[in-house]
Amino acid sequence: MNTKKIRRGMIHRGAILVLLLSGGVRAGAQPSYENPWTPPVPRNGEDARLAAYHARIDEVFDWRIGLYDPEKPTSLDMAGIAMMLVRGINREAVDARVLELMRDPGTGPFWMFPCTMVAFAGRDTLSVDARGAIRDAWRTTRQLRGDTENHWVMYYVSLYLMSELYPGEAGERWYTGLSSTENLAESRAWLLEWMDITTTRGQGEYNATHYIGEYAIPMLMLAVWADEPDMRLRGRMMLDWIFAELATVTLDGVLRGPNSRTDDTSVLERWNALSSFFSWILFGNTPPTRGYGGWGNYFAVLGRHYEVPEVIHRIATDRAGDILQRDRARTRRFWRYSDELSPPIFKTQYLRKHYAVGSYQGGSSDPIQTHVWDVTWAEPDPRGKHNTIFSLHPHSSGRVQQMYFCTFPEPMPEGVTYEGKPSYNQADKLLGCSPYEQVLQDLDTVVALYSIAPGEDFQQVNGFFSKDLRDVVEHPSGWIFARGGRALLAYRPLAPYEWIAHRHYPSGWSRDTVLSGGRTLVSPHPNNGTIVQAADESEFESYEAFQAAVAALPLDYRMEPRPSVRHRTLRGREIEFAYGRPPMVDGRLVDYGRWKLFEGPHLNAEVGGRRLTITHGRLERVLDFESLEVVDRVRR
């Protein structure tokens, strides 16, 4: 089976599961998703916070178990089985369903980790036959590793735990042909290396809107079920690491850009992502998505075994002022056309009360689903709102696919559109990064420059203008002004443009598009640029005063031979940025080489240090992977 078929098979199985959970079967209520959303009431005290967290876990249990129809055994999936095992109900139905599911086992990490969860949840209560069927599936059915970082984390956590569950068995008892001891050693080594890379050079799939679940759930399984004490501790520390970063890159619980991976829906409706489930269940500061994001059900199964530390909870829910956070991550691994395996990503995050600006420096990261930059504004209820503005070059090519995948380049641009990425080779798409985009962010100003090579498809830049923008003004100065929530926005295209109606795909598996109500600014020029400036409405006497202030800002730009910009921002900063050259702010080069792994008011870590300090007010928690210690303290 080739890589494309493997990936398609795994994603297809995952899609079926999500559909089952999110819409195909509906019986119980999902209160936090269906009911009107009101901003959370601050809960004082650890007991109240824990009680609210447990209530949210119970809500997920009640909903998922409520979907079970005894007349329809297929209404019971692995998540439902695991929850019933935890609650000790419907034993006969659970045994029968496990036996049925094991007659045709799946393959790949999206099958392995739910199966592992059922095996552990029912290791003392499933019938002998049901346990035997699970065990035999791990002997008879070849399991595939997949081809991305999240696949490998799920694969090796599953194999690690199952090897511990069945110790001392010979190679003929495993699909790998390796003994339990050998499986355990290989899995352990890979997981330790992944943790080491993540805590020294950053995550490859950073700020992912959906794949956060594929890291958090396996780490929770490790934290709860690993026999080795150090692996249990590592799993819990990685959960803290992942959720501390989530807390710093969300606005009222909603993840924003930049994102290593997102999709056609979440890049516009920023709330509509699995990351919102984690904000909801951990922090209670945004509604969960439909079906609790599908994979969120699996986190809930073990949710009572983990509680997010208070210092992380406060970062997500208690912000007194503006936050400027600069962090490192890394690109997806290059297999061709690069001297570096995973070049660094430099993320800038600037968060204010009513909006947030985020970006990385541009260029390639993940070839299909990266979102490079945006300004996202807060909405009292984010459901259904397209609360974001950004631009991009809609890049698509077989060559860039070959850089990141070990497969033939010719079929990939079309092929990936059948794998949950329907817009990939469309000129009007709004998802993806480009090797011809370079970005500078300074506080709430973003300058994106484009120099698209001759012969590339789609010699244009697309800018997204949401249906939820208000009072859009095409000003004589060349700026386009708009209001988003309580944010004031200024968008300056640097080349002529035209407007087209924005069409989007209702889901990743749709082949047809529908009108979103928004517009796309299309600028059909290979040398191009966008400047976006944001401000809070409280900073100006009126919307017109904001327009006058931005229009008066000095701006000098050229498009030939390559784009360059000299601009004074609203914050009085002097920006000099030319495509292909290091940017300058106030006469100083932006030296990315000096950036730390994390640097800001809440998260701090050195590159290579394996040590993250998480701070809020006087509270501090240190995750030290070098000494494998967790230290909590109150600063004086």
Side-chain angles (χ1 to χ4, degrees), residues 257 350 352 354-359 372-377 386-393 430 437-450 460-500 502 518-525 527-559 563-579 583 585:
Y350 185 61
R352 309 192 77 196
H354 297 126
Y355 66 90
V357 187
S359 69
V372 181
W373 67 272
D374 66 38
V375 178
T376 292
W377 61 89
H386 297 172
N387 52 329
T388 188
I389 190 169
F390 59 90
S391 71
L392 79 160
H393 165 228
L430 295 172
E437 179 182 50
Q438 297 180 357
V439 176
L440 169 65
Q441 178 184 343
D442 187 75
L443 299 177
D444 46 12
T445 304
V446 174
V447 180
L449 300 180
Y450 306 88
Q460 65 187 59
V461 169
N462 299 334
F464 177 61
F465 280 69
S466 159
K467 65 182 175 58
D468 297 306
L469 287 170
R470 310 188 315 277
D471 306 324
V472 178
V473 175
E474 292 182 80
H475 196 270
S477 63
W479 288 89
I480 303 172
F481 296 102
R483 303 163 71 108
R486 297 179 65 178
L488 303 176
L489 304 164
Y491 183 111
R492 182 66 160 85
L494 299 184
Y497 60 90
E498 59 188 15
W499 295 101
I500 64 172
H502 173 250
R519 294 184 293 171
T520 301
L521 180 154
V522 177
S523 182
H525 304 277
N527 278 354
N528 219 316
T530 303
I531 304 172
V532 170
Q533 172 74 63
D536 192 282
E537 65 180 15
S538 64
E539 297 180 84
F540 294 88
E541 291 184 355
S542 65
Y543 184 34
E544 291 71 23
F546 168 70
Q547 296 175 34
V550 172
L553 294 171
L555 171 62
D556 179 30
Y557 65 93
R558 290 175 174 77
M559 291 294 101
S564 62
V565 169
R566 292 173 62 93
H567 177 53
R568 182 182 301 162
T569 74
L570 263 183
R571 310 306 168 194
R573 314 264 280 192
E574 301 287 342
I575 286 178
E576 296 179 55
F577 188 24
Y579 190 94
V585 177

Mind checking the CZ-NE2 spacing from Phe464 to His386? Nearest 0.5 Å is all I need.
-> 6.0 Å
What are the two closest non-hydrogen atoms of Ala448 and Val439, and how far apart are they?
-> CB-CG2, 4.1 Å
Aromatic rings His567 and Trp479: how do their planes relate, parallel, tilted or perpendicular, breaks at 30° and 60°?
-> tilted
Within-4.5 Å side-chain heavy-atom neighbours: Leu521 and Arg519 = no
Rounded to the nearest 0.5 angstrom, the CD-CZ distance for Glu544 and Phe481 is 10.5 Å
So how far is it from Leu494 CG to Thr530 OG1, rounded to the nearest 0.5 Å?
-> 6.5 Å
Got a second to check how far Phe577's CZ is from Leu449's CG, nearest 0.5 Å?
-> 4.5 Å
Side chain Gln533, main chain Val550, donor-acceptor under 3.5 Å | no
Strictly by modelled atom types, are Ser523 and Tyr450 linked by a side-chain donor-acceptor pair under 3.5 Å?
-> no
Ser466 side chain vs Asp468 backbone, donor-acceptor pair below 3.5 Å | yes
Look up atom NE2 in His525 and atom CE in Met559, then write down how far apart they are to the nearest 0.5 Å.
-> 10.5 Å
Looking at side-chain heavy atoms only, is the closest gap between Leu443 and Leu570 below 4.5 Å?
-> no
Trp377 and Leu469, any side-chain heavy atoms less than 4.5 Å apart | yes
Single hit among Thr388, Thr376, Asp444, Asp536 for side-chain hydrogen bond (donor to acceptor under 3.5 Å, both in side chains) with Tyr355 = Asp444
Does Leu430 reach the side chain of His502, with side-chain heavy atoms less than 4.5 Å apart?
-> yes
Kindly say whether Phe465 contributes a backbone atom to a donor-acceptor pair with the side chain of Tyr491 at under 3.5 angstrom?
-> no
Side chain proximity check, Leu555 to Arg566, heavy atoms < 4.5 angstrom = no
Measure across Ser477 and Arg492 and return the closest heavy-atom pair with its distance rounded to 0.1 Å.
-> O-NH2, 3.5 Å
If you take all heavy atoms of Ala495 and Asn527, which pair is closest and at what distance?
-> CB-O, 4.4 Å
Arg558 CZ: over 12 foreign heavy atoms closer than 6.0 Å = no
Looking at side-chain heavy atoms only, is the closest gap between Trp373 and Gln441 below 4.5 Å?
-> no
Do Pro493 and Ile480 come close enough that some side-chain heavy atom pair is under 4.5 Å?
-> yes
Taking the inter-plane angle between the rings of Trp499 and Tyr497 on a 0 to 90° scale, is it parallel (under 30°), tilted (30 to 60°) or perpendicular (over 60°)?
-> perpendicular
Kindly check if the number of other-residue, nucleotide or ligand heavy atoms within 6.0 Å of CZ (Arg568) is above 12?
-> no
May I have the step-by-step check of side-chain contact (heavy atoms from CB on, under 4.5 Å) for Val446 and Val357, ending in yes or no?
-> CA-CA 8 Å; Val446 174; Val357 187; 3.5 Å; yes
Measure the shortest side-chain to side-chain distance between Ile531 and Tyr557 over non-hydrogen atoms and say whether it is less than 4.5 angstrom.
-> no
CG of Asn528 to CD of Glu437: how many Å apart, nearest 0.5 Å?
-> 11.0 Å
